[in-house]
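A short worksheet on the structure shown next.
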Amino acid sequence: MLYILRHGKTDWNNELRLQGRTDVPLNDEGREMAEVAREEYKDVHFDICYSSPLQRAKETAEILLRGRNVPIITDDRLMEMSFGDYEGLKYSFEKSESPISVIFRDPGNYKESIGGAETFEELFKRTGEFLREVALPELDKGKDILIVGHGAMNSSIFCQVKGIPIENFWSAGIPNCKLMQLI
């Protein structure tokens, strides 16, 4: 089985700020969410966990798997999508006057980098490489894999595994600390 889980909440989530690659830590609510997930998913078997190296994802994985003999391996290809100069910007998801909002409003038309932000093509390339080189070979060996990451990064994996077009990139609606089984 292949599972994905998004990190717990951060102060920037609560402030509706774009986090991207900015290494924002979990807040107390995020840690509590991870503890709740730990209890909720205690009976789900994982052989191995791959995590983004960003502290909000890594700490979520550590809390979720505490007391279990499941290795946590970080991989840079699982970092969140870079939002370039727009990281830290508030309300960018709904501000139509912000150029970066095209990523959220109309992902099918986000083709070229804006303000140094990563493109979907770049995001899909690195996460697809991770799937082909790491996750799928482990699945072929019968392993149950957990990926702990981020909203956009997890959405890219979801879309690739499920064959969802970029126009529907956000359709999975990746909530914080909710386990999703993909395969």
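Values below: all heavy atoms of this structure, side chains included; hydrogens, waters and symmetry mates excluded.
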Query raised in the report: Taking a hydrophobic cluster as the set of Ile, Leu, Val, Met, Phe, Trp and Tyr residues connected by side-chain heavy atoms closer than 4.5 Å, whether directly or through intermediates, do L131 and L123 fall within one such cluster?
Result: no

**Report entry** Gap between atom CD of Q55 and atom OG1 of T10 - 0.5 Å precision
**Finding:** 10.0 Å

Query raised in the report: Near N69 CG, under 6.0 Å, is it more than 12 heavy atoms from other residues, nucleotides or ligands?
Result: no

Query raised in the report: When rounded to the nearest 0.5 angstrom, what distance separates CE in M33 from CG in D28?
Result: 13.0 Å

Report task. List the steps, then state whether side-chain contact (heavy atoms from CB on, under 4.5 Å) holds for I147 with L2. Result -> CA-CA 8 Å; I147 297 171; L2 176 63; 3.8 Å; yes

**Report entry** Carboxylate-amine/guanidinium proximity below 4.0 Å for E40 and K178
**Finding:** yes

Query raised in the report: Are E133 and R77 close enough, and set up right, to give a salt bridge (Lys or Arg N to Asp or Glu O under 4.0 Å), and what steps lead you there?
Result: CA-CA 11 Å; E133 293 178 3; R77 294 172 290 189; 2.8 Å; yes

Report task. Please determine if K141 and E138 form a salt bridge, counting it only when a charged side-chain N lies under 4.0 Å from a carboxylate O. Result -> yes

Requested in this report: Tell me, yes or no, whether the heavy-atom count around E121 atom CD, taken from other residues, nucleotides or ligands under 6.0 Å, exceeds 12.
Outcome: no

Report task. To the nearest 0.5 angstrom, please state how far the CG atom of L65 sits from the CD1 atom of I72. Result -> 5.0 Å

Query raised in the report: Quick check: are there more than 12 heavy atoms from other residues, nucleotides or ligands sitting under 6.0 Å from CD of E112?
Result: no

Requested in this report: Please examine the side chains of L16 and K90, heavy atoms only from C-beta on, and report whether any two atoms are closer than 4.5 Å.
Outcome: no

Query raised in the report: Taking the six-membered ring for Trp, are F130 and Y50 ring centroids under 6.0 Å apart?
Result: yes

Query raised in the report: At what distance, to the nearest 0.5 angstrom, does CG of D23 lie from CG of L54?
Result: 5.0 Å

Query raised in the report: Do you reckon V70 sits in the same ILVMFWY cluster as L78, going by side-chain contacts under 4.5 Å, direct or chained?
Result: no

**Report entry** R66 with E62: basic N within carboxylate O range, under 4.0 Å
**Finding:** no

Report task. Using a 4.5 Å cut-off on heavy atoms from C-beta on, say whether the side chain of N13 contacts that of R6. Result -> yes

Report task. Report yes or no: do I166 and I114 belong to one cluster of Ile/Leu/Val/Met/Phe/Trp/Tyr joined by side chain heavy-atom distances under 4.5 Å? Result -> yes

**Report entry** Pair E122 + K125, salt bridge at N-O below 4.0 Å
**Finding:** no

Query raised in the report: Is there a side-chain contact between L146 and Y41 (heavy atoms, below 4.5 Å)?
Result: no

Query raised in the report: With hydrophobic residues grouped by side-chain heavy-atom distances under 4.5 Å, do I4 and V161 end up in a single group?
Result: yes

Query raised in the report: Taking atom CE of M1 as the centre, does the number of heavy atoms from other residues, nucleotides or ligands within less than 6.0 Å exceed 12?
Result: no

Requested in this report: May I ask you to test the M180-N154 pair for a side-chain heavy-atom distance under 4.5 Å?
Outcome: no

Query raised in the report: Given the rule that I, L, V, M, F, W and Y join up when any side-chain heavy atoms are under 4.5 Å apart, are I157 and W170 in one cluster?
Result: no

Query raised in the report: Between E167 and P107, which heavy-atom pair has the shortest distance, and what is it?
Result: O-CG, 3.8 Å

Requested in this report: Answer whether the closest heavy-atom distance between the side chains of M81 and M153 falls below 4.5 Å.
Outcome: no

Query raised in the report: Is the shortest heavy-atom distance from the side chain of E118 to the side chain of M79 under 4.5 Å?
Result: no

Query - Min side-chain heavy-atom separation T22-W12 under 4.5 Å - result: yes

Query raised in the report: Going by an N to O cut-off under 4.0 Å, is there a salt bridge joining E87 and R21?
Result: no

Report summary line: Closest heavy-atom pair, T60 versus G8, reported as atoms and distance to 0.1 Å, is OG1-N, 3.1 Å

Report task. Any chance you could lay out the salt bridge (Lys or Arg N to Asp or Glu O under 4.0 Å) test for E129 and R126, step after step, and finish with the verdict? Result -> CA-CA 5 Å; E129 182 181 278; R126 68 178 165 87; over 6 Å; no

Query raised in the report: Is there side-chain contact between S171 and I164, with heavy atoms separated by less than 4.5 Å?
Result: yes

Query - side-chain contact (heavy atoms from CB on, under 4.5 Å) between V36 and C177, intermediate numbers included - result: CA-CA 8 Å; V36 168; C177 282; over 6 Å; no

